[in-house]
Colleague: 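Before I ask anything, here is the structure I am working with.
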Amino acid sequence: MPVWHEKTRALREAGDLVVIGVTQEQHPDRCSLYAQWQGIDWPILWDPFNLTGSAAVPVVLAVDEAGVIRPGRLDVRRIEEQIVEGWMSTPPAKPGPAARRPYPDVVPPSTRATARSPGDKAQAALSRLLWSRTTGEERLDGAAFADVLEALEKAALAPKADPALTFHHGVALRMRYDSEHRQAGDFQRALDAWMDALGRRPSQYIWRRRIQQWGPRLDKPYPFYDWVEEAQTTLIAAGSVPHPIQIALSGAELASGTREIPIRSIQDIHPDPQAALKRDGKHLVELESTVCLHTGVTSKRVREPAGSSRIHLILRPTGGAHFEPAAGPARIWIEVPTGWNTPRQLLMATSPTDPDAALLAEFEVRPPQPDLTKPPASPILPATIHGTAFYFVCEGEQGECQFLAQDFEILIRDPRSDPQEPDK
Amino acid sequence: MRLPVTLALIGPLLIGSVHSNQDRSLSLLQPGEALPALVLPTIDGKATVNLADLRGKKVLLIQFASW
């Protein structure tokens with residue numbers, strides 16, 4: 001986009017052209033940082049639910065004075081010919097057809113009429129989610145999140161519902177996951193919804209990218225947000241305050257794609273082979289795992305064996321407990337099923353900078369490659385990964401601090417044979 | 001035998017093409033059609049834009065992601 005920004009500068013400054021951006025990203029703050037870094041000063045609209053229905057980005061469209069989208073593909077290398085000499089020199093277009101209103105209830109909540117039908121309620125839910133950041137009284141609390149999720153799920157589960165509605169439900173679940181009202185399993189259910197939607201519309205690349213953002217490196221077309229650090233550094237060096245990133249970037253969002261995850265070459269040593277360390281019986285730390293499968297699982301073609309995935313682990317202190325930063329990072333030991341590959345068995349979680357903050361760890365697994373010349377001996381999925389988390393945690397302000405362990409299991413399942421559970 | 005082999009080879013491409021066309025037809029932003037009256041907030045949350053209100057101006061609509 002920086003090229004389009006530069007090439008249209010003179011036309012914009014002369015008042016001959018209006019440029020409007022639309023981004024379908026889940027998190028608008030990242031695009032805000034990008035725009036700040038690139039000096040983009042035209043408005044960028046936030047369309048996380050992909051209400052425009054676009055199948056892929058980038059797409060650049062010329063719209064004439066009549067509001068009609070001009071035919072033809074725009075090429076930034078031919079901007080002089082296509083726009084400056086061509087389009088700009090044509091007389092104003094005649095009045096065009098009336099604009100359709102596909103989402104009449106997706107409007108700022110303060111201007112919205114009461115929704116009555118399920119479809120209206122789903123659109124009202126979308127508008128609450130889109131504008132909840134900006135209107136203080138509309139900021140969603142836990143009950144409001146439950147309401148909008150119920151409306152969106154009901155719309156998604158209606159007979160013959162468009163898979164876009166399932167995608168919308170997933171976006172809303174991820175929004176709640178990013179809020180203080182998150183519920184265990186929100187992120188997993190978001191991924192399941194997106195995978196379900198993608199399975200029904202496989203060439204929807206906006207949806208596919210939403211999954212791949214958090215998916216395994218084997219499924220990554222490019223690193224998604226590896227530019228963020230450079231943007232922040234450049235802006236600080238120039239004396240600017242970078243636009244804050246509200247939701248921490250996961251390792252998946254920074255990772256590059258690869259064609260082969262490395263075979264384990266380091267023999268890690270189990271931190272507690274006798275299981276002697278005291279288990280976290282009081283559940284001072286809540287451990288949540290989320291499995292992001294390779295999007296190839298939605299295809300009947302065997303691009304990648306089902307089960308190839310990236311696992312996101314989050315350790316959250318509960319009930320006033322907190323991590324002790326001086327004790328170093330938490331460690332995670334994982335055991336994958338026989339024949340499966342993962343680069344390391346011993347993982348380090350992110351170091352706690354804030355004692356109350358959650359710790360993150362991510363890893364990738366790949367099942368054995370199927371022998372396509374033989375009938376499958378047994379299905380690869382479901383499969384279970386076993387593991388143990390080791391951490392130093394303190395109870396309350398003056399409470400005891402100790403090293404504890406917590407055993408866990410992660411189920412990797414095929415979403416095609418195990419559809420998501422209804423909202424509770 | 002040549003025809004079935006050819007079909008087998010190009011079949012997936014045809015299916016892919018059908019999918020692409022289906023998805024294009026689902027887009028609200030179709031060449032030759034008016035911008036829909038779709039209301040969206042800006043990424044900073046400070047403003048709201050109705051695409052249909054852009055009439056009367058030459059507009060370049062850029063759909064992109066920051067990655």
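Note: hydrogens, waters and symmetry copies are ignored here, and every other heavy atom, side chains too, is used.
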Colleague: For residues A:S54 and B:L29, report the shortest heavy-atom separation together with the two atoms involved.
Modeller: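 Answer, listing the atom of A:S54 first, then B:L29: OG-CD1, 4.3 Å.
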
Colleague: Indicate the ring-plane relationship of A:Y34 and B:F64, choosing parallel, tilted or perpendicular according to the 30° and 60° boundaries.
Modeller: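 If you compare the ring of A:Y34 with that of B:F64, the planes turn out tilted.
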
Colleague: Who among A:Q38, A:Q24, A:Q213 has the most heavy-atom pairs with chain B under 4.5 Å?
Modeller: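 Most heavy-atom pairs under 4.5 Å with chain B: A:Q24.
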
Colleague: Shortest non-hydrogen contact from B:I43 to A:P28?
Modeller: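 Scanning both residues, the minimum pair turns out to be O-CB, 3.6 Å.
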
Colleague: Do you see a donor-acceptor pair shorter than 3.5 Å between the side chains of A:Y222 and B:W67?
Modeller: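 Present: a donor and an acceptor within the cut-off.
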
Colleague: Tell me, for A:I206 versus chain B, whether the close heavy atoms (under 4.5 Å) come from the side chain, the backbone, both or neither.
Modeller: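 Neither part.
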
Colleague: Could you pull out the closest heavy-atom pair between A:P108 and B:V39, with the gap in Å?
Modeller: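 Taking every non-hydrogen atom into account, CD-CG1, 4.0 Å.
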
Colleague: With side chains defined as the heavy atoms from C-beta onward, is the minimum distance between B:L60 and A:V18 less than 4.5 Å?
Modeller: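 B:L60 vs A:V18: side chains apart.
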
Colleague: So do B:Q30 and A:I69 actually touch side chain to side chain, heavy atoms under 4.5 Å?
Modeller: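 A:I69 vs B:Q30: side chains apart.
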
Colleague: Can you tell me how far apart CG (B:L40) and CZ (A:F49) are? Round to the nearest 0.5 Å.
Modeller: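 Output value for this atom pair is 10.5 Å.
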
Colleague: Are A:T52 and B:Q63 close enough that a side-chain donor and a side-chain acceptor fall under 3.5 Å?
Modeller: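 Yes.
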
Colleague: Is it the backbone or the side chain of A:N50 that comes under 4.5 Å from a heavy atom of chain B, or both, or neither?
Modeller: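 Looking at A:N50, nothing touches chain B.
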
Colleague: Shortest non-hydrogen contact from A:A99 to B:A52?
Modeller: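 Looking at all heavy atoms of both residues, the closest pair is CB-CB, 3.9 Å.
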
Colleague: What part of A:D47 is in contact with chain B, defined as an atom under 4.5 angstrom from a non-hydrogen atom: side chain, backbone, both or neither?
Modeller: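 Both backbone and side chain.
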
Colleague: Answer with side chain, backbone, both or neither: which region of A:L33 has an atom nearer than 4.5 Å to a non-hydrogen atom of chain B?
Modeller: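 Neither part; nothing is under 4.5 Å.
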
Colleague: Non-hydrogen atoms of chain B under 4.5 Å away: do they reach the side chain of A:A98, the backbone, both or neither?
Modeller: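 Interface part for A:A98: backbone (N, CA, C, O).
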
Colleague: Would you give the length of the straight line joining atom CD1 of A:I44 to atom CG of B:D44, rounded to the nearest 0.5 angstrom?
Modeller: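 The distance works out to 9.0 Å.
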
Colleague: Could you tell me whether B:K58 and A:E65 make a salt bridge, using a distance below 4.0 angstrom between a side-chain N and a carboxylate O?
Modeller: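 Salt bridge present between B:K58 and A:E65.
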
Colleague: Report yes if the side chains of A:V60 and B:L61 come closer than 4.5 Å at any heavy-atom pair, otherwise no.
Modeller: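 They are not in contact (no side-chain heavy atoms under 4.5 Å apart), so the answer is no.
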
Colleague: Relative to chain B, which segment of A:R12 carries a heavy atom at a distance below 4.5 Å: side chain, backbone, both, or neither?
Modeller: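 Neither part, no heavy atoms under 4.5 Å.
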
Colleague: Taking the side chain as every heavy atom from C-beta outward, state whether A:V19 and B:V59 have any atom pair closer than 4.5 Å.
Modeller: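 Sidechains of B:V59 and A:V19: no contact.
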
Colleague: If we only count heavy atoms from C-beta on, is the B:L35 to A:L61 side-chain gap below 4.5 Å?
Modeller: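 Sidechains of A:L61 and B:L35: no contact.
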
Colleague: Please determine, among A:V57, A:L17, A:V22, A:D162, the option with the most heavy-atom pairs under 4.5 Å with chain B.
Modeller: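 Maximum pair count with chain B is reached by A:V22.
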
Colleague: If you measure from NE2 on A:H27 to OG on B:S66, what distance do you get to the nearest 0.5 Å?
Modeller: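 Reported to 0.5 Å precision, the distance equals 11.5 Å.
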
Colleague: Enter the distance from B:N50:CG to A:L45:CG here, rounded to the nearest 0.5 Å.
Modeller: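 Nearest 0.5 Å value for the CG-CG distance: 10.0 Å.
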
Colleague: Donor-acceptor pair, distance only, cut-off 3.5 Å: does the side chain of A:R100 make one with the backbone of B:L28?
Modeller: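 Side chain of A:R100 to backbone of B:L28: a pair is present.
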
Colleague: Go through the atoms of A:W37 and report whether side chain, backbone, both or neither lie under 4.5 Å from a heavy atom of chain B.
Modeller: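 Neither part.
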
Colleague: If I take atom CD1 from residue B:I62 and atom CH2 from residue A:W4, how far apart are they, to the nearest 0.5 angstrom?
Modeller: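 Here the interatomic distance stands at 6.5 Å.
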
Colleague: For A:P102 and B:A37, which heavy atoms make the closest approach, and how far apart are they?
Modeller: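 What the structure gives for the nearest pair is CD-O, 4.2 Å.
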
